[in-house]
Structure formats: C-alpha cells, structure tokens
Asks: 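Okay, handing you the structure first.
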Protein chains: 2
Amino acid sequence: MIGYDRRMIDAAGLRVMKAIADEGSFTSAANALGFTQPAISQMVRRLEQRTGTVLVERYGRQVRLTEAGQVLARHAVGVLAALDAAEEEITAIAGLRAGRVRLQAFPSSSATLVPRTLAILKARHPDITVTFTEAEPPESLAALRNGDCDVAVAFAYEGGDLGELEEDLSLLVTRRLMDDEVRLVVPTTHPHAHDEAASLADFSGEEWIAGCPRCRGHLLSLADTAGFRPNVAFETEDYVAQLGLVTAGLGVALVPDLILNAAKHDEVAALPLSPASRRQILAVTTPDLQRVPAVAAALDALCEAAGSDPKVSPAELVGAKA
Amino acid sequence: MIGYDRRMIDAAGLRVMKAIADEGSFTSAANALGFTQPAISQMVRRLEQRTGTVLVERYGRQVRLTEAGQVLARHAVGVLAALDAAEEEITAIAGLRAGRVRLQAFPSSSATLVPRTLAILKARHPDITVTFTEAEPPESLAALRNGDCDVAVAFAYEGGDLGELEEDLSLLVTRRLMDDEVRLVVPTTHPHAHDEAASLADFSGEEWIAGCPRCRGHLLSLADTAGFRPNVAFETEDYVAQLGLVTAGLGVALVPDLILNAAKHDEVAALPLSPASRRQILAVTTPDLQRVPAVAAALDALCEAAGSDPKVSPAELVGAKA
DNA sequence: TGGTTTCCATAATGATCGGTTATGATCGCC
DNA sequence: GGCGATCATAACCGATCATTATGGAAACCA
C-alpha cells in the first residue's frame with residue numbers, strides 16, 4: 001500500500017494565509033514571518049494546487065484573498081492558537097513550570113524520607129504536582145511497569161554479603177538512596193541488651209516478631225545462615241507495633257535503622273548485627289521517565305532527602321535478573 | 001537573516017501522537033494512519049528532539065505516552081477538527097456546495113439578462129449565494145478592480161466598425177455575452193417613421209434625447225461621423241423615460257435593442273441605423289476569479305441567459321488599453 | 001512620458017523532511 | 001528456548017520548502 005493520503009492543509013499553510021490577510025501583500029507577509037518573498041509565493045502556489053482552489057486573486061501588483069482564501073485565514077486563528085497552547089504547555093512541563101510526578105514508596109519510608117522529599121520538591125519547583133501513594137515494593141514496581149507511577153521508592157535486602165537484589169529490575173533504572181542497617185531489637189531487660197553486637201545464633205531460642213512478607217523472608221534467610229529456624233510468634237507490618245511488642249517482652253525483632261531513627265524506642269535496645277545486614281533504599285524508575293524533568297527533579301530531591309549528594313552518587317545500576 | 005523559526009509542533013505530529021494514544025502501539029498507530037511502523041518511530045523521535053521533551057515512554061515492547069505526550073494527544077483533537085472543518089469548507093466551495101458571487105450589472109441589463117441569470121444559477125447551484133448590485137460600467141469595473149465585485153456586466157460601444165472598446169480592460173478578462181443593436185427611436189408620427197433604415201444625417205435637425213454619459217458620448221461620436229452636432233434637448237439615464245419623451249414627440253433617441261425588447265414601445269418606431277451601430281454586452285472578471293467555481297458558474301449562467309451557448313462562444317479576449 | 005520603484009513569478013539550487021524497505025535487537029509467550 | 005510481536009536503526013529516495021538571482025509588469029513620480 002502506498003498510503004498517500006497527505007492532508008491538503010497544514011499549519012504552516014494556514015499561518016501563511018493569515019499573514020497575507022493581515023499584511024495585504026506577499027512581501028510584507030514574508031517579512032512578518034521571517035521568510036523571503038518567493039517562499040510565500042511558492043507556498044501559496046502549493047496550497048492552491050493541493051486544494052485545487054484559487055486562494056489568492058492577483059490584480060496588478062496587489063493581491064487579495066478569494067473567498068476560499070479568507071476561509072483559510074479565518075480558520076488559521078483558531079488552529080494556531082491551539083497549537084501555541086499545546087506548545088506552551090509542553091515548554092511549561094520542560095521548564096518545570098508544570099508537570100506531574102507520581103511517587104510510590106513503601107510504608108516505613110513515609111515517615112521521614114518521603115516528607116522531606118516532598119518538602120524539597122515543593123520549595124524548589126512549586127508548580128509541579130506531586131502525587132504520593134504508599135505501597136510495598138512489589139506493588140509499587142508493578143505500578144511502575146504498568147505506567148501508573150513515575151518513581152517507586154523500594155528497598156532490597158542484600159542476600160548474604162553480595163549485593164544481589166531480590167526484585168526483577170530489568171528494564172528499570174535504580175538510584176541508590178541510602179543503606180539502611182538492620183538491627184536486632186530486644187527489651188532493655190534482655191540479658192544481651194547491652195552487648196556490643198548481636199550474633200543471631202544467640203537468639204535462636206527467642207520468640208520472633210516478623211514484619212512484611214519480604215522482611216520475614218529476610219529474617220528466615222539470616223536465621224538459616226546462622227543455623228536455626230526462628231520461632232515466629234507474631235507478624236505485623238506496622239513497625240511501631242513491633243516495637244510495642246518487643247517493649248512488652250513478647251519477643252525480639254529485626255528492625256531497620258530508618259524506623260529506629262524515626263520512632264521513639266526508649267524502652268528497647270537496638271543491637272547491631274554481627275555479621276551486619278543491610279538493606280538498600282532505592283529509587284526506581286524507567287530510562288525514559290528518568291529524562292522527564294519533573295521526574296528527574298523528584299529523583300534529585302529523593303537523593304538529597306536521603307542524605308546522599310545526588311550529583312556525586314548517581315549510582316545508576318541497571319538491575320540484573322532476580 | 002536566516003529566518004529559522006520553524007514551529008516545533010505541526011499537525012502531522014499531533015495526528016501521530018493521537019493515533020498512538022488511541023491505538024496503544026506504534027505498529028497499530030501506523031496501520032491506522034496508513035503508514036509503516038518506522039515512519040511513526042522516526043516521527044516520534046523528531047517530535048521529541050524538536051520539543052526537547054520525552055513524549056513516549058518505552059517499557060519493554062509496549063509504549064505509553066508521558067504527560068507531555070498526553071498533552072499533545074489531547075490538543076490534537078481540537079486542532080485536527082479545526083483543520084478538517086477548514087478543509088470541508090474549502091471543498092464545499094470547490095464543489096459549488098457553497099460559495100459566493102458578487103455580481104454588478106448596468107441598469108438596463110437588470111431588466112432581463114440579470115434575472116434570467118439568477119434564475120439559472122439558483123436552479124443549478126442552489127447553495128451558492130449570489131449578490132447583485134446595479135452599477136454603471138465605470139463603477140462596476142472599479143468595484144471589480146477593488147475586490148468588491150466578482151463579475152461585472154458591462155457594455156462597450158464599438159468605435160466606428162472596429163471592435164475597440166473604450167474601457168480600460170487591462171488585467172481583466174471579458175466574455176462577450178451578446179451584441180446589442182442600437183436603433184433610432186422616433187415617434188410613429190415622424191416622417192421617417194416607416195423607413196427601412198435610418199441614416200443619421202437625416203436627423204441632424206432633430207432635438208435629441210441622450211442617456212447616460214457614455215451613451216451620450218456614443219451619440220456624439222456617431223453624429224460627428226455623420227457630419228453634424230446633435231442638439232441635445234434632454235438627458236436622462238432612464239430608458240423608459242426616454243421612450244416616454246419620444247412618444248410625446250419631444251425628440252428622437254438612440255436606444256439599444258436590449259431595452260426595446262424589454263419595455264413596451266407601441267407608440268414609437270425603432271429604426272435600424274445605417275450604417276448599423278452595436279454595443280457589446282460583456283461579462284468582465286479577473287483571470288483568477290474566472291477560475292473560482294462559483295464565478296465560473298455565474299459566467300456560464302450569464303452566457304446562457306444571453307442566449308449565447310457558453311460552450312461554443314467562450315470568446316475570451318483580453319482587452320487592450322482604452 | 002519615461003525612468004524608477006515595487007510588487008509578484010520563475011528558475012536553479014540545496015538542505016531537510018518524511019516516507020519507504022530491509023534488517024536487527026529485545027521482550028513476552030508457549 | 002525458539003517464535004512472534006514490537007520498536008529501533010540504516011540506507012535510500014522523492015517531495016517539500018527554503019534560499020538567491022533574475023525577470024516582467026504595474027504604479028508612481030518628476
């Protein structure tokens with residue numbers, strides 16, 4: 001198929017017709033548009049043969065629009081205005097005078113990281129609208145893949161001591177925001193409460209309080225390495241509840257620093273693990289979205305809120321398969 | 001000056017963005033528009049680098065519009081609709097389903113020629129709007145030159161027997177509608193009332209009734225050729241009044257056939273002149289307007305109303321200088 | 001009236017645009 | 001793990017759309 005259904009009127013043509021109508025001659029229309037006179041002359045000729053209509057009446061050395069020509073000049077106003085509006089809207093987005101970022105972050109980051117990010121963003125680019133939704137990494141990444149989200153703040157536990165992440169990050173780009181140390185939280189009355197560090201094997205007999213599914217998986221993985229299978233007595237995704245349970249002496253729990261720094265925990269002891277275990281806090285987006293100004297601004301704000309200088313540690317690593 | 005202010009958004013681009021939004025993929029957008037897939041791919045790329053903005057988010061093998069892309073797709077609707085409207089209006093004019101003709105004709109043609117023309121036009125193209133104004137040739141031609149008129153119906157006396165016309169017809173095209181024989185009108189009581197033909201010199205002693213300035217000029221010219229200077233006793237542009245004056249025996253007059261065929265004139269005799277004198281009835285327009293469908297239709301109708309087959313006698317002679 | 005100016009038209013030229021076909025890379029699916 | 005669908009890229013090609021240079025005709029003016 002040849003597929004030659006070329007439209008007979010285009011925006012450029014309309015603009016020329018309007019200029020002729022306004023200026024009254026080809027020459028001054030050309031000047032007004034920044035073209036030379038023959039350009040207008042040919043443009044009109046092309047338009048006339050495309051429409052199969054006489055658009056301009058040449059009488060002597062003056063030109064006048066025919067009825068058809070006036071029709072085009074009249075429509076030009078609306079079309080060009082709409083085009084300008086579109087262009088303006090685009091440049092507004094490009095210049096961060098407009099735009100939208102849809103952010104999804106996991107619950108425990110909502111406490112400090114996200115509010116700080118939103119504040120930075122608001123101060124720096126007050127005209128872009130930021131949407132925030134709380135979601136665990138599996139859901140936020142799904143939303144990202146699905147096009148319902150621009151930036152996902154996720155976390156990934158390190159498997160053993162190698163930085164292998166358990167999510168499927170193919171096709172996505174990640175930006176490392178911070179490392180979040182995981183600590184063992186025990187009641188202050190616990191015999192090991194004042195140790196320098198905690199070796200997990202020493203707590204194999206405890207009752208355990210587990211968090212979200214992935215956190216629970218991480219606990220099981222660490223315990224397995226330490227050679228035991230933890231007795232999980234309680235499960236709750238609410239870290240404040242976890243700390244409450246520990247305070248009440250109902251068990252011990254693994255809690256990341258990000259939580260401990262945000263929530264009050266006077267009546268529990270948070271011991272560093274030995275060997276240490278961390279999770280990475282990551283900002284995730286797609287290669288294309290990364291180049292959208294509003295998204296880029298959000299990523300920068302996230303890095304800044306996380307304390308890592310966005311200029312120094314872009315740390316863009318494309319994740320390998322899970 | 002280089003004058004490179006090329007607009008960053010054009011109608012074609014908008015159409016492509018809208019197609020992508022509607023179809024959900026480059027390939028089906030290409031099918032919908034009758035293009036191949038790479039055409040869409042490149043079009044998007046060009047648009048993106050012209051706007052300096054990411055318009056499409058490629059994730060895996062699916063594509064989605066970014067916010068900026070959605071902006072374009074949204075504006076596309078209005079712009080394309082306006083463009084279609086303009087196009088439709090043009091083709092309506094081209095197809096005589098719309099359009100306008102502004103006709104100006106000299107008074108004595110209003111009697112028969114113009115009404116017949118309007119009737120033909122109305123029957124044949126009921127959707128075009130015809131405007132009619134009565135005006136003597138100098139004014140109607142001025143209107144034509146001025147752009148206030150599309151077709152002027154004028155008359156031109158032949159100077160002597162050569163077809164030299166006294167109007168400035170440069171830059172205009174004329175279409176000969178009919179030849180109008182000029183007769184000498186005398187009261188039926190006149191001694192020469194029943195002659196076969198009238199030799200002008202025989203009436204040098206009469207009192208004359210003159211018409212419009214150009215008709216008066218024609219009378220003077222003919223009389224001059226016949227060797228006398230007519231005694232013009234009355235002047236009126238109203239031919240009916242002229243006939244009335246002749247009937248009352250107040251003088252003689254030169255009256256063209258066009259009038260005699262339309263007005264009652266029982267009580268006067270209309271003698272052919274010897275040598276004969278004619279005036280040409282002409283339709284005048286500009287070369288460009290001539291090609292406008294509605295104008296062409298009007299010209300055809302005029303020819304038909306005048307009794308000359310428009311197909312056989314186009315008689316397009318570009319007038320020389322006066 | 002005849003020269004000058006001021007228009008528009010045309011020709012020759014070149015860059016870019018905007019399509020094509022052919023081909024490659026990659027994701028998702030069975 | 002091949003296969004099909006999808007987008008990207010390369011090479012090519014014609015039409016578009018601008019340029020400069022030039023011509024002709026109309027209007028203007030002394």
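Sequence lines set the chain letters: A, B, ... in the order given, protein chains first and strands last, and positions in each chain run from 1.
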Asks: So does B:Arg46 get a side-chain nitrogen or oxygen closer than 4.0 Å to the phosphate oxygens (OP1/OP2) of C:dC17?
Replies: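 For B:Arg46, the contact criterion (side-chain N or O under 4.0 Å from OP1 or OP2 of C:dC17) is not met.
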
Asks: Find the distance between OG1 (B:Thr133) and CG (B:Asp148) and round it off to the nearest 0.5 Å.
Replies: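 That separation rounds to 9.5 Å.
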
Asks: Quick one: A:Met43 CE to D:dA15 C1', roughly how many Å, whole number?
Replies: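 My rounded result for the distance is 13 Å.
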
Asks: May I ask you to decide whether B:Arg46 forms a salt bridge with B:Asp10, counting only side-chain N to carboxylate O separations under 4.0 Å?
Replies: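 Salt bridge flag = no for B:Asp10 with B:Arg46.
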
Asks: Using the side-chain heavy atoms of B:Phe26, tell me which of these nucleotides is nearest: D:dT6, D:dA18, D:dA8.
Replies: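 Closest nucleotide to the B:Phe26 side chain: D:dA8.
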
Asks: To the nearest Å, give me how far apart CD (B:Glu23) and C1' (D:dC7) are.
Replies: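 So the CD-C1' distance, B:Glu23 to D:dC7, works out to 16 Å.
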
Asks: Looking at the side chain of B:Arg50, which of D:dC7, C:dG18, D:dA18 is the nearest nucleotide?
Replies: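 Of the options given, the side chain of B:Arg50 lies nearest C:dG18.
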
Asks: Under 4.0 Å between a side-chain N/O of B:Thr27 and OP1 or OP2 of D:dC7, yes or no?
Replies: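 Yes, because at least one side-chain N or O of B:Thr27 sits under 4.0 Å from OP1 or OP2 of D:dC7.
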
Asks: I'd like to know if B:Arg58 and B:Glu48 make a salt bridge, using a cut-off of under 4.0 Å between side-chain N and carboxylate O.
Replies: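 Result for this pair is yes, salt bridge flagged.
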
Asks: Do the charged groups of A:Arg97 and A:Glu88 touch, with an N to O distance under 4.0 Å?
Replies: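 Salt bridge flag = yes for A:Glu88 with A:Arg97.
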
Asks: Check whether any side-chain nitrogen or oxygen of A:Thr36 sits under 4.0 Å from OP1 or OP2 of D:dT19, and answer yes or no.
Replies: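 A:Thr36 to D:dT19 OP1/OP2: side-chain N or O found under 4.0 Å.
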
Asks: Only pairs at least two apart or in different chains count here, so list each salt bridge (charged side-chain N to carboxylate O under 4.0 Å, His left out) that has a residue in residues 21-34 of chain B.
Replies: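 Every salt bridge (charged side-chain N to carboxylate O under 4.0 Å, His left out) pair that includes a residue of residues 21-34 of chain B, provided the two are not neighbours, is B:Lys18-B:Asp22.
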
Asks: Please work out which of the three classes, parallel, tilted or perpendicular, describes the rings of A:Phe106 and A:Phe155, given edges at 30° and 60°.
Replies: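 A:Phe155 and A:Phe106: perpendicular rings.
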
Asks: For the pair B:Glu89 and A:Arg74, find out whether any cationic side-chain nitrogen is under 4.0 Å from an anionic carboxylate oxygen.
Replies: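 Salt bridge: yes.
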
Asks: Hey, which sits more toward the 5' end of DNA chain D by its nearest nucleotide, B:Gln42 or B:Ser25?
Replies: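 On the 5' side of the pair lies B:Ser25.
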
Asks: Can you give one letter per nucleotide of nucleotides 23-30 of chain C, going 5' to 3': B for a protein heavy atom under 4.0 Å from the base, S for sugar-phosphate only, - for none?
Replies: ----BS--

Asks: Are A:Ser41 and C:dA9 close enough that a side-chain N or O sits under 4.0 Å from OP1 or OP2?
Replies: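 Yes.
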
Asks: Roughly, in whole Å, what's the span from CD1 in A:Ile40 to P in D:dT20?
Replies: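 For the pair A:Ile40 CD1 and D:dT20 P, the rounded distance is 14 Å.
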
Asks: C:dA9, OP1 or OP2 - any side-chain N/O from A:Arg45 closer than 4.0 Å?
Replies: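 Indeed not, no polar side-chain atom of A:Arg45 lies that close.
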
